[in-house]
Amino acid sequence: MVDVYTSFIENERQKELFEKAVRLAEQAKKHAPQSDRDARFSVEVLKELKKEHYFSLPLPEKLGGEDLSLYEFLLLQERLAVGDGSVALSVGWHLGILMELRDEKLWEEEKFKQISEEISKHQVVMNRAASEPATGSPTRGGKPETNAKKDGDGYVLNGRKTFTSMADALDYFIVTASIEAEDQVGWFLIHKDTPGLTVDHTWDTLGMRGTASDDLILNNVHVNADNLVELAGKKKSQPKGWLLHIPACYLGIAIAARNDAIAFAKDFQPNSLDHPISEVPHIQQKIGEMEMKLMHARTFMYAVAEKWDRAPERRNELEAELAVVKTVATNAANEVVDLAMRIAGGRGLSKTYPFEKYCRDVRAGLHNPPMDDAVLGMLAKRATK
Ligand SMILES: Cc1cc2nc3c(=O)[nH]c(=O)nc-3n(C[C@H](O)[C@H](O)[C@H](O)COP(=O)(O)OP(=O)(O)OC[C@H]3O[C@@H](n4cnc5c(N)ncnc54)[C@H](O)[C@@H]3O)c2cc1C
């Protein structure tokens, strides 16, 4: 079978990083059935990720990391998602946020150093909790209903966050809240053991069940003033290269479906044929279509990542390309999984085969940001301006 991986590996460092992802993908795959069944992030996989120092990879070398580039990040995340998309998406938030903080210097230097030290020493994990029932996707611009009231020198927070990936496994939540009296939206870094913070296990979804994207409840959570780490709109917003971990994740799921469908087609020989179905013309067409869609989407994604890494001073020009990569890749991934399902036939619906899980998981990509309608609207506005 053609090796779908090596064509994007360009040097020894990438090869080494990639091997780490291969090892972790194996672990993720092993624990995926249970994690999917229980809608829980696997404790065993979390341990393996920490053992491989996965969570500190984006940190600058002087702070204990590998200063991961965007291209390298995508190589790792895509390969991890071949093992289990849920693991890749969940940890992709942590790594991506760290890259964003590193590159955009969104936090005070001392605060970033402090969290970096904890991450490099103890592999602590964090994620942003930004979605809410009333605002839906934060990319739509809705104001958080979670509120932060001034309380002496600090703040007291109340609210409910939805879709908080790996909520049970996180050490820190970065929570958006409207700051009363100041008419501002802030990001608060809150440790998991802070009184008043609980996880409500609401996550019972069709796909990406292993992300355990549960609700986070804040009930009179008292924090210090220096827990307010960012103010929305304080710095000019820049395109978010790190969000490409989303298309990388769903392409990884599609690659897994493609691999399994080809293996199935080469192996399955019904007694109506004197050769496996891989030689049947309509199956060949479907395999060809899968290859073409993956090659197209992946070449585009890695090319944009290369541009991002090569010219940091021109990143502001990449907003549209980054958004289009996400739309092209997640839709291509859905189409590839659909083709894999057609190749597997009725067996593809059975839980004894991996295809139904790919089908459930890949669908979630449509509901990660930026959403298709927003991307198309943005392109149309640019074109007609
Ligand atoms: C697997 C998974 C993991 C996730 N992990 C996280 C996480 O860790 N942290 C986090 O904060 N979030 C997370 N999210 C949440 C994600 O970012 C979105 O907030 C969530 O999926 C809801 O998006 P939505 O478009 O369905 O919701 P909504 O914004 O509620 O949209 C619902 C419908 O209304 C339409 N709509 C809503 N507002 C507008 C508008 N202004 N203009 C036009 N149409 C509109 C949408 O197109 C859609 O059809 C995760 C989501 C998934 C699926």
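Both ligands and their constituent atoms are indexed starting at 1 by order of listing. These numbers come from the heavy atoms of this one structure, side chains and all, not from hydrogens, waters or symmetry mates.
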Would you confirm whether any non-hydrogen atom of the protein falls under 4.0 Å from [atom]?
atom	value
atom 49 (O) of ligand 1	no
atom 52 (C) of ligand 1	yes
atom 34 (O) of ligand 1	no
atom 42 (N) of ligand 1	yes

Give the numbers and elements of all ligand 1 atoms closer than 4.0 Å to a heavy atom of [X].
X	result
P138	19 (O)
N127	7 (C), 8 (O)
S213	3 (C)

Under 4.0 Å from ligand 1, counting heavy atoms only, is it the side chain of [X], its backbone, both or neither?
X	result
T139	neither
P369	side chain
M371	side chain
T205	neither

Can you tell whether the side chains of [X] and [Y] come within less than 4.0 Å, N to carboxylate O?
X	Y	answer
R258	E291	yes
R315	E104	no
E317	R314	yes
E289	K286	no
R128	E100	yes
R13	E66	yes
K30	E44	no
R360	E356	yes

Identity and distance of the protein heavy atom lying nearest [atom]:
atom	answer
atom 36 (N) of ligand 1	R140 NE, 4.0 Å
atom 2 (C) of ligand 1	N368 ND2, 3.6 Å
atom 3 (C) of ligand 1	S165 OG, 3.4 Å
atom 1 (C) of ligand 1	L89 CD2, 3.6 Å
atom 19 (O) of ligand 1	S131 OG, 2.8 Å
atom 30 (O) of ligand 1	G136 CA, 3.3 Å
atom 11 (O) of ligand 1	A130 N, 2.9 Å

- Query: Backbone N or O of P138 within a donor-acceptor pair of the T135 side chain at under 3.5 Å?
  - Reply: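 Such a contact is absent between T135 side chain and P138 backbone.
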**Item:** Short side-chain to backbone donor-acceptor contact, D309 and L70, under 3.5 Å
**Value:**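 Yes: the side chain of D309 pairs with the backbone of L70.
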Could you pull out, from P133, S137, G92, the option with a heavy atom nearest to atom 29 (O) of ligand 1?
->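 The residue whose heavy atom sits nearest atom 29 (O) of ligand 1 is S137.
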> If you measure from atom 13 (C) of ligand 1 to every heavy atom of F173, W93, W203, F163, which option wins on shortest distance?
Replying inline: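 Comparing heavy atoms across F173, W93, W203, F163, the nearest one to atom 13 (C) of ligand 1 lies in F163.
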| task | Could you tell me whether some N/O pair between H367 and ligand 1 is separated by less than 3.5 angstrom? | result |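 Looking only at distances, the answer is yes, because the N/O contact criterion of under 3.5 Å is met.
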Review point. Is it true that the side chains of T176 and K161 contain a donor and an acceptor less than 3.5 Å apart?
Key: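 On atom types as modelled, these side chains qualify, holding a pair under 3.5 Å.
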Measure up the F73 and H245 rings against each other and bin them: parallel (under 30°), tilted (30 to 60°), perpendicular (over 60°).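 F73 and H245: tilted rings.
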Exercise. Decide side-chain hydrogen bond (donor to acceptor under 3.5 Å, both in side chains) for E10 and Y302; before the verdict, give the C-alpha distance in whole Å, the side-chain angles of both, and the deciding distance to 0.1 Å.
Key: CA-CA 11 Å; E10 294 175 340; Y302 284 111; over 6 Å; no
